[in-house]
Amino acid sequence: MKLKIPTAKLERSFYTRNVLTVAKELLGKILVKEDNDKKFSGKIVEVEAYDGSIDEAAHTYIGLTKRNEIMFGIGGFLYVYFTYGAHYCCNVVTGKRGKGTAILIRSVEPIDGIEAIIENRYGRELLNEKEKYNLTNGPGKVCKAFNINKKHNGFDLTGGYIYILKAPKIKNKDIMVTKRIGINKSIDLPWRFYIRDNLYVSKK
DNA sequence: TACTAGATCGGCT
DNA sequence: GCCGATCTAGTAG
């Protein structure tokens, strides 16, 4: 049986709202990237919010720099940064110009382009069932899987070949709220959100 | 299963 | 120079 997949892109007004509101509503939405001959898509199942006005862990906390200028722009753009000398991480900018808020996409559940995702991640066939759940359960893995890198920084999600599709809101009771992962500042902010019982989140 | 270290590079002090 | 919104392979238990 084929799942029915919605086709409308989220518009600017979705992204320009408060970062915590958008973070929760991004759960369940479909991230899509269309390459020349391939199409990648996946359901967003885990995110984290970052807000430079009060959050020391946010890249915008220090004020405007060359690296974070996209995150200081209007919502609906992609902020991609490189970290640990090895990995890219993919963020959705939110709010009005100058806010400095964004949402880190931590995990997705693959839908389209799974063969290419496997190739991007492992460069070989899957060895076991466990590897299937390991394809996109982490911010670095999502970027590797979808082949998202530096050149996608600043991309407009409302216009081009990377976009996010509308989908029904996840019910509040199915949204888990925890502290964020992998940071050393503002560690107590409960700004990580994920879909309850989903097998593709990075950590329960 | 749980912890540790190494990779590796760009941004910022 | 230092450190990071990470991942993987390795070792120990």
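Residue numbers begin at 1 in each chain, while the letters A, B, ... track the order of the sequences.
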Starting the side chain at C-beta, find the nucleotide from [options] nearest to [X].
X       : options                 : answer
N184(A) : dC12(B), dG4(C), dT8(C) : dG4(C)
C89(A)  : dC7(C), dC12(B), dT6(C) : dT6(C)
Y50(A)  : dG4(C), dC7(C), dA5(C)  : dA5(C)

Subject >> Donor-acceptor under 3.5 Å (N91(A) side chain, Y79(A) main chain) >> reply: yes
**OP:** Measure from the side-chain N and O atoms of N137(A) to the backbone N and O of S202(A), and report whether any donor-acceptor pair falls under 3.5 Å.
**Re:**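 Checked: no pair found.
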Subject >> Short side-chain donor-acceptor distance under 3.5 Å, Y163(A) and E34(A) >> reply: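 Yes, Y163(A) and E34(A) have a side-chain donor paired with an acceptor closer than 3.5 Å.
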**OP:** Verify the distance criterion only: is there a donor paired with an acceptor across the side chains of K130(A) and N134(A) at less than 3.5 Å?
**Re:**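 Absent: no donor and acceptor within the cut-off.
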Atom [atom1] of [X] and atom [atom2] of [N]: how far apart are they, to the nearest Å?
X       : N       : atom1 : atom2 : answer
R67(A)  : dG4(C)  : CZ    : P     : 12 Å
N153(A) : dG11(B) : CG    : C1'   : 13 Å
K185(A) : dC12(B) : NZ    : P     : 12 Å
K66(A)  : dC9(B)  : NZ    : P     : 22 Å
E69(A)  : dC12(B) : CD    : P     : 10 Å
K150(A) : dG10(B) : NZ    : P     : 6 Å
H87(A)  : dT8(C)  : NE2   : C1'   : 8 Å
Y61(A)  : dC12(B) : OH    : P     : 16 Å

**OP:** Please report the C-alpha distance between K179(A) and E48(A) in whole Å, then the side-chain angles of each, then the deciding distance to 0.1 Å, and finally whether the salt bridge (Lys or Arg N to Asp or Glu O under 4.0 Å) criterion is met.
**Re:** CA-CA 9 Å; K179(A) 295 175 185 178; E48(A) 282 177 0; over 6 Å; no
Mind checking if [X] touches a base, just sugar-phosphate, or nothing, with heavy atoms under 4.0 Å?
X       : value
K144(A) : nothing
R180(A) : nothing
F82(A)  : sugar-phosphate
G140(A) : sugar-phosphate
I183(A) : sugar-phosphate
R192(A) : nothing
N91(A)  : base

Original post:
Should dA5(B) form a Watson-Crick or G-U wobble pair with both distances under 3.5 Å, which nucleotide is its partner?
Top reply: dT8(C)
**OP:** May I ask which nucleotide in the shown strands pairs with dG11(B), Watson-Crick or G-U wobble, both distances under 3.5 Å?
**Re:**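 When the pairing criteria are applied, dC2(C) turns out to be the nucleotide that pairs with dG11(B).
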Subject >> Cation-pi geometry met for K33(A) and F146(A) (6.0 Å, 45°) >> reply: no
Original post:
Looking only at N and O atoms, is any donor in the side chain of Y84(A) or the base of dA7(B) less than 3.5 Å from an acceptor on the other one?
Top reply: no
Subject >> Distance test, side-chain N/O of T83(A) to OP1/OP2 of dT6(C), below 4.0 Å >> reply: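 Checking T83(A) against dT6(C): no side-chain N or O falls below 4.0 Å of OP1 or OP2.
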Original post:
Between H59(A) and dA5(C), does any side-chain N or O lie under 4.0 Å from OP1 or OP2?
Top reply: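 For H59(A), the contact criterion (side-chain N or O under 4.0 Å from OP1 or OP2 of dA5(C)) is met.
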Original post:
Which comes earlier along DNA chain C counting from the 5' end, the contact point of A58(A) or that of R121(A), where each point is its nearest nucleotide?
Top reply: A58(A)
